[in-house]
Every structure is written in structure tokens, then in C-alpha cells.
Amino acid sequence: MKRRNFLKKASATGFGLVAVSSTLISCDEVISSEKKIVTPILQPVRPLVIATWNTPLAVETAAKILQNGGSALDAVEQGCRVEEANEKGQSVGKGGLPDRDGNVTLDACIMDDKGNYGAVLGVKNIMHVISVARKVMEDTPHVMLVAEGAEQFAVSKGFKRENLLTAASKKKWEKWKVKAAYKPIINIENHDTIGMLAIDAKGNISGACTTSGLAYKLAGRVGDSPIIGGGLFVDNEIGGASATGLGEEVLKTVGSFLIVELMRQGKSPQEACEEAIGRIVNKPGKDFKNFQVGYIAVNKQGETGAYSIHEWFSYNLFKEGENKNIKSDYFNKK
Ligand code: GLY
């Protein structure tokens with residue numbers, strides 16, 4: 001094979017020739033017109049799961065699906081469901097903190113390896129909105145359903161209505177109501193939205209993102225999580241990215257889409273996440289002290305990246321059989 005053709009083929013199949021964190025499996029002898037050279041062939045890391053925050057059970061659930069030969073799409077859906085059912089997590093699914101009127105409203109979206117997308121926005125009374133988003137993607141000609149329409153659709157698909165406001169979240173909301181100070185409260189130090197990306201054994205990438213959004217938000221407010229390119233973006237040729245934190249800031253910079261496009265231009269997932277955070281914090285006069293944004297990303301070779309504005313953002317990574325929580329690097333080092 002001519003070296004030029006070999007390089008073209010390697011790049012088209014997503015086998016990076018210089019991807020440092022990929023696993024070296026063999027060396028191939030490639031003949032160029034001038035001399036015989038040896039070029040390493042790198043195997044993309046798979047299966048792989050990466051998710052925002054300390055979400056070991058969600059990642060383990062997704063990883064098990066992949067290890068049993070399941071698809072990345074099934075993995076991210078089932079992984080996100082774990083956090084949606086976790087009542088202790090007050091920013092996703094059941095137990096999520098309500099809007100200022102006391103209503104828990106959920107947002108979610110999902111993308112598959114074919115570039116399909118489904119989302120639900122501002123849904124009350126349904127716990128597993130990530131699965132409703134998948135139904136929107138697979139069973140309708142649309143990509144987004146909102147509020148009552150999304151709830152009715154969910155019920156028509158067999159999802160059960162239930163009260164999502166737990167006693168613990170109600171208590172916090174009642175305490176907040178005493179002053180009812182309206183400012184975006186974004187949890188800088190703890191769990192927020194779960195965004196998850198997975199690569200399955202076939203090398204296909206999917207992603208999912210689910211949240212109850214900003215605590216005590218104005219009724220009707222929607223953040224980045226269910227918006228394609230904001231809270232999530234996947235391009236199976238390139239990689240995927242997902243966001244957590246103050247959705248308004250992610251949306252203004254179309255953060256997840258930006259990261260995937262930066263990777264398309266040759267940046268590593270880490271470099272791309274850092275540049276996306278830079279687009280937020282480097283705006284003239286931007287006061288980023290009181291809000292957090294964090295990104296995770298993966299490319300086709302299974303290289304990962306993560307970066308946030310402030311300390312305390314972490315992510316769970318399942319790679320080469322191990323599921324670890326890792327502290328993200330961050331911008332605001334004071
Ligand atoms: N990132 C979640 C939200 O802003 O709604």
C-alpha cells in the first residue's frame with residue numbers, strides 16, 4: 001500500500017496514528033516510494049464510558065451493558081436512569097430540586113451514533129425522562145417535545161406518572177421560599193447534571209444528558225442539558241462532549257458542539273474542553289466567580305478530556321476494565 005493511501009485509510013477508519021492514550025497493538029510495515037517505514041497501528045480504546053460527577057453506579061451499569069456486547073445507546077440510557085432514580089441526587093430525576101413554584105421539571109436528551117437526537121424539556125411527573133427522549137428520537141418524526149405534550153407522550157408510551165418532589169427536596173425549597181432570593185444557584189462543589197458518553201465494542205459513540213436544571217428556576221426555564229450542541233453533542237466520526245453547570249453559559253457558547261468541532265479540527269479532547277471553558281471565562285468583563293461549568297469529551301480513539309471553571313468538578317471514567325472517579329483540571333486556580 002502506498003503511504004499516502006495508508007494514511008488516508010487510517011484516518012478514515014478513526015485509527016489515530018499519533019493518539020497517545022490509545023493502545024498500541026501492532027506495527028505494520030508500510031512501503032513508501034522512498035523507503036520502508038514502520039508505522040504503529042493504534043487500537044481505539046473500547047468499550048469506554050465517561051460521565052460527569054461522581055457517578056460510579058451509573059457508569060458501572062453502562063459499562064456492564066457494553067461488556068456484554070450492548071450498544072453505546074443502550075449503555076448511556078441505562079446509565080442515566082440510575083441517577084434519575086437516585087432520590088439522593090437533588091439535580092437529576094426523582095428528588096430533583098423544584099422550580100420556584102415547587103414543581104420538579106426535568107430536561108433530557110440523547111444522541112445515537114447515526115446523528116439522531118431526541119429531547120424532552122420541562123417535563124413534570126415522569127422520572128425516566130432520558131427514556132422518553134429516546135422514544136421521541138425513535139418513535140416520532142420529531143426531535144423535541146415540551147412540558148404537557150411530552151408528559152402525555154410519555155404516558156402514551158407506558159411511563160407512569162409519579163410525584164418527583166421528595167420530602168427532602170420539599171424541605172429545602174420551603175427553606176429557600178422564606179427569602180426567595182432569585183439568583184442562579186449552581187452547585188459548584190457537588191453533583192449536578194449527568195452527561196454520559198460511551199463507545200461500544202463496535203466503536204460506535206452515543207451520549208445522553210439528564211437534569212432537573214437550576215434549583216428554584218423561573219417556571220418554564222430550560223438550560224443546556226436537553227439542547228443539541230449545548231449539553232450534549234455526538235458525531236460518530238469524531239467523538240462526543242457533554243456539559244454540566246450553568247446552562248445559560250453553556251448555551252451562549254454552544255459548548256458541546258464547539259468541543260466536537262474543535263476535535264474535528266485536530267484538537268485533543270482535553271484541549272477542546274479547555275478552549276470551550278476559555279470561550280466562557282475570557283469574555284470581557286465576565287464574572288465567572290459564582291458559577292460553574294464543566295465539560296467532558298471523548299474522541300473516536302477513546303482519548304478523553306475534562307475541564308471546568310472551578311475546582312471540585314470530577315468525572316467517572318470506565319476504561320480498560322476500571323471505573324474511576326477522577327478530579328478534573330480547572331481554570332480558576334486563583
Ligand atoms: N446544566 C443544567 C442546567 O443548567 O439546567
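Please read all numbers here as calculations on a predicted model, not as lab measurements. For ligands, and for the atoms within them, numbers begin at 1 and follow the listed sequence.
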Of all the atoms in ligand 1, which lie at a distance below 4.0 Å from a heavy atom belonging to Gly223? 5 (O)
Option whose closest heavy atom lies nearest to atom 4 (O) of ligand 1, chosen from Gly213, Gly247, Ala243: Gly247
Does this structure show an ion pair linking Lys333 with Asp329, if we count only N-O contacts that are shorter than 4.0 Å? yes
Checking His310, Lys289, Glu311, Gln292 against Asn332 for side-chain hydrogen bond (donor to acceptor under 3.5 Å, both in side chains), the one that qualifies is His310
If the cut-off is 4.0 Å to any non-hydrogen atom of Thr193, which atoms of ligand 1 fall inside it? 1 (N), 2 (C)
Under 4.5 Å side-chain heavy-atom separation, chaining through any Ile, Leu, Val, Met, Phe, Trp or Tyr, what else clusters with Val82? Say none if it is isolated. Leu57
Ligand 1 to Asp224, heavy atom cutoff 4.0 Å, flagged ligand atoms 1 (N), 2 (C), 3 (C), 4 (O)
Using a strict 4.0 Å cut-off to heavy atoms of Arg221, name the atoms of ligand 1 that fall inside it. 3 (C), 4 (O), 5 (O)
Distance alone, cut at 3.5 Å: any donor-acceptor contact between the side chains of Trp53 and Thr244? yes
Number the atoms of ligand 1 from 1 as they appear, then name those within less than 4.0 Å of a heavy atom of Gly245, with their elements. 1 (N), 2 (C), 3 (C), 4 (O)
I need the atoms of ligand 1 closer than 4.0 Å to a non-hydrogen atom of Ser225, numbered in the order shown. 1 (N), 2 (C)
So, Asp200 and Arg46, do they make that salt bridge, N to O below 4.0 Å? no
Who passes ring pair (Phe, Tyr, Trp, His ring centres under 6.0 Å) against Tyr295, sequence neighbours left out? none
